[in-house]
Amino acid sequence: MTGQELFRKDVIQLGQGAKLGRVDDVWFEEATCQLQGVILYAHPRWMFWKSKERDLLIPWNRIVSIGQDVILVELEEEMLEKDLHQAK
C-alpha cells in the first residue's frame with residue numbers, strides 16, 4: 001500500500017461507527033524510523049486561524065484493520081480529546 005492509498009481512506013471508530021475523517025499525515029519514531037501512527041487534521045493546514053478543534057493522533061496499535069475503503073480504529077473517548085502536541 002502506498003501513502004496516497006492510505007490518505008484516501010476514511011477512518012471509522014469501531015465502538016460508535018463514527019467517521020473520524022481521513023488520514024492526513026503519518027508519524028514515525030525518529031530513532032528507529034518505525035511507523036507510530038496516523039494523524040487526522042481538524043482543519044486544512046491553511047485554515048489554522050479558524051480551528052479550535054484539535055488534530056487527532058491515532059497510534060498504530062489502535063488500528064484494527066485497513067480495508068479497501070476504510071480504516072477501522074478502536075479509541076477510548078479520552079484519546080479523541082488529545083491533540084498532536086499532547087501525544088508527542
Quick one, Ile12 with Leu20, criterion side-chain contact (heavy atoms from CB on, under 4.5 Å). Give me CA distance, side-chain angles, the key distance, then yes/no.
CA-CA 6 Å; Ile12 307 295; Leu20 301 176; over 6 Å; no

If you round to the nearest 0.5 Å, how far is CG of Leu57 from CH2 of Trp27?
3.5 Å

Locate the shortest heavy-atom distance separating Leu75 from Gln13; write the atom from each residue and the value.
O-NE2, 3.1 Å

Rounded distance [0.5 Å steps], NZ in Lys19 versus CG in Asp10:
4.0 Å

In this structure, would Leu35 and Leu40 fall into the same cluster of hydrophobic residues linked by side-chain contacts under 4.5 Å?
yes

Can you name the nearest heavy-atom pair linking Val23 to Leu6, along with the distance?
CB-O, 3.8 Å

Kindly determine whether Val26 and Phe7 satisfy side-chain contact (heavy atoms from CB on, under 4.5 Å), including the steps that lead there.
CA-CA 9 Å; Val26 294; Phe7 294 156; 4.1 Å; yes

Between Lys9 and Arg22, is there a donor-acceptor pair closer than 3.5 Å when you use the side chain of the first and the backbone of the second?
no

Would a hydrophobic clustering, with Ile, Leu, Val, Met, Phe, Trp and Tyr connected at side-chain separations under 4.5 Å, put Val70 with Val11?
no

Taking only residues two or more places apart in sequence, or in another chain, which ones meet Asp24 in a side chain to side chain donor-acceptor pair (under 3.5 Å)?
none

Are more than 12 heavy atoms, taken from residues, nucleotides or ligands other than Glu29, located less than 6.0 Å from that residue's CD atom?
yes

Results of side chain to side chain contact (heavy atoms under 4.5 Å, CB included) for Ile63 - residues two or more places apart only
Val38, Ile58, Trp60, Ile66, Ile71, Val73

